There are 2 protein chains.
Amino acid sequence: MTNVFDDPRITAVGLLFEVHAGLSARFTAQLEEHGFSAVEFEVITRLARSPGNQLRMTDLAAQTSLSTSGVTRVVDRMERDGLLTRRACPNDRRSSYAVVTPKGMQQLDETLPGHLQMIEQWFTGQLDPQALDALLDGLRRVRDAVHPCATAGSTDVAPEQETAAGGTPRP
Amino acid sequence: MTNVFDDPRITAVGLLFEVHAGLSARFTAQLEEHGFSAVEFEVITRLARSPGNQLRMTDLAAQTSLSTSGVTRVVDRMERDGLLTRRACPNDRRSSYAVVTPKGMQQLDETLPGHLQMIEQWFTGQLDPQALDALLDGLRRVRDAVHPCATAGSTDVAPEQETAAGGTPRP
DNA sequence: CAGTTATAGTTGCTGCAGCAGTCGTTGGGC
DNA sequence: GCCCAACGACTGCTGCAGCAACTATAACTG
């Protein structure tokens, strides 16, 4: 039987997903040595790169792969561990900010060098600069297509225009 | 403050992960229209592309992102839904095969065209052939570094050689 | 052949994330 | 000022996946 799964499209996706899984596993292992889960690291990173080391819960959810309820729980845990604090929003009493504490920043600072080294070792360092550029350029174009609002909290993006096989806006 | 997070390595990983998340979300939505969860689709795909539409539970675990216990539960569910069956292994009475049923194959056949179309629309179709090749080539090289045993059940790979920042072999 | 070790699969327990429903807050229409 | 829809965050419930413990079988050793 001629295998339908040799279709280059399937292979392409398989490749991308395997790379993601592989890198995730490596990173998770290293992050846990520093007391972070993958999600926690993503959260604290997004916060730390934002002005004032803080972000509203909703915006945090939009920037991460989490739902708002997911963000609530993660921030719960990290607040219990002293890495974050909640701060009331002065303008809007419904909103609250998640803020990185000094302890959180310190733990992040201890984690980052090793993390960067891991990236270098397993990802960027595997390719010569030219090939890496090509890879990133391709990824960027796919990202722009597939990930409409990568930077919530700052600028909003034009409403996406579906082409065919339309449907499900976004979860 | 000069932001540490503008480091190109962080950006590269962020890009890759955003692409993965974006594609995952799209695919998940489409797959669920056909009654598959993402994991179930991965499982049935791996089975369907294997000789005899079957695979031992352990090999299935190695080829997917699941642990062996995870495979047990997924196969439980899919067997309950009539998509798979367990079959005893004649040589080794410890092992059992997971086999795709006709109903499973049919449901897969109904799903695949739309799935391929999604891939085309959101991923491969976003790039001209040359750029796509460059992207896939880069991914392939990273995959080879990071994902030692992509094809379990067939050939084994040479034991990985850690360089620096050693440690945790694999989960 | 008996005894030990390794392997295949399953299951109890735990932790996590999403959904849907709830409460408090905000802003617009009248 | 009052009412109602929209919004932000939180919580009960459910389903899922991994770990560790367990059973059954296989392979190895003397």
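Worth saying up front: this structure is predicted, and the values here are computed from it rather than measured. Just so it is clear, the values below take in all heavy atoms, side chains as well, and ignore hydrogens, waters and symmetry mates. First the proteins, then the strands, lettered A, B, ... as listed; each starts at 1.
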To the nearest angstrom, how far is [X] atom [atom1] from [N] atom [atom2]?
X	N	atom1	atom2	result
A/E32	C/dC16	CD	C1'	13 Å
A/N91	C/dT25	CG	P	16 Å
B/R56	D/dA26	CZ	P	12 Å
B/R86	C/dG9	CZ	C1'	9 Å
B/R80	D/dC16	CZ	C1'	13 Å
B/M78	D/dC16	CE	P	12 Å
A/L60	D/dG8	CG	P	14 Å
B/M57	D/dT25	CE	C1'	16 Å

Notebook entry, point to check: Does A/S69 get its side chain close enough to the base of C/dC19, under 3.5 Å, for a donor-acceptor pair?
Noted result: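 Yes, a donor-acceptor pair under 3.5 Å.
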Given [options], which nucleotide is nearest the side-chain atoms of [X]?
X	options	answer
A/T72	D/dC16, D/dT11, C/dA17	D/dT11
B/S67	D/dC16, D/dG18, C/dT11	D/dG18
B/T58	D/dC10, C/dG9, D/dG8	C/dG9
B/R94	D/dC10, C/dG9, C/dA8	C/dA8

Categorize [X] for me: base, sugar-phosphate, or nothing, with a 4.0 angstrom heavy-atom threshold over every strand shown.
X	answer
B/S96	sugar-phosphate
A/D76	nothing
A/T64	nothing
A/S95	sugar-phosphate

Check: For the residue pair A/H115 and A/F27, does the interplanar ring angle fall in the parallel (under 30°), tilted (30 to 60°) or perpendicular (over 60°) class?
Finding: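 Perpendicular.
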Notebook entry, point to check: Does B/T101 use its side chain to pair, donor to acceptor, with the backbone of B/G82 at less than 3.5 Å?
Noted result: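 Pair found, side chain donor or acceptor close to backbone of B/G82.
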Item checked: 4.5 Å side-chain heavy-atom contact, A/T68 and A/M57 ->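 Side-chain contact under 4.5 Å: no.
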Note to self: If you count heavy atoms of other groups shown closer than 6.0 angstrom to CZ of A/R87, is the number above 12?
What the structure shows: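 No, because the 6.0 Å sphere around CZ of A/R87 holds 12 heavy atoms or fewer from other groups.
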Check: Using a cut-off of less than 4.0 Å, is there contact between a side-chain N or O of B/R73 and OP1 or OP2 of C/dG9?
Finding: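 Answer is no, no contact under 4.0 Å.
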Item checked: Residue from B/V74, B/D81, B/V75 passing side chain to side chain contact (heavy atoms under 4.5 Å, CB included) with B/M78 ->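 Among B/V74, B/D81, B/V75, the one meeting side chain to side chain contact (heavy atoms under 4.5 Å, CB included) with B/M78 is B/V74.
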Check: Starting at the 5' end of DNA chain C, which residue's closest nucleotide do you reach first, A/R93 or A/V71?
Finding: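 Looking at the nearest nucleotide for each, A/V71 comes out on the 5' side.
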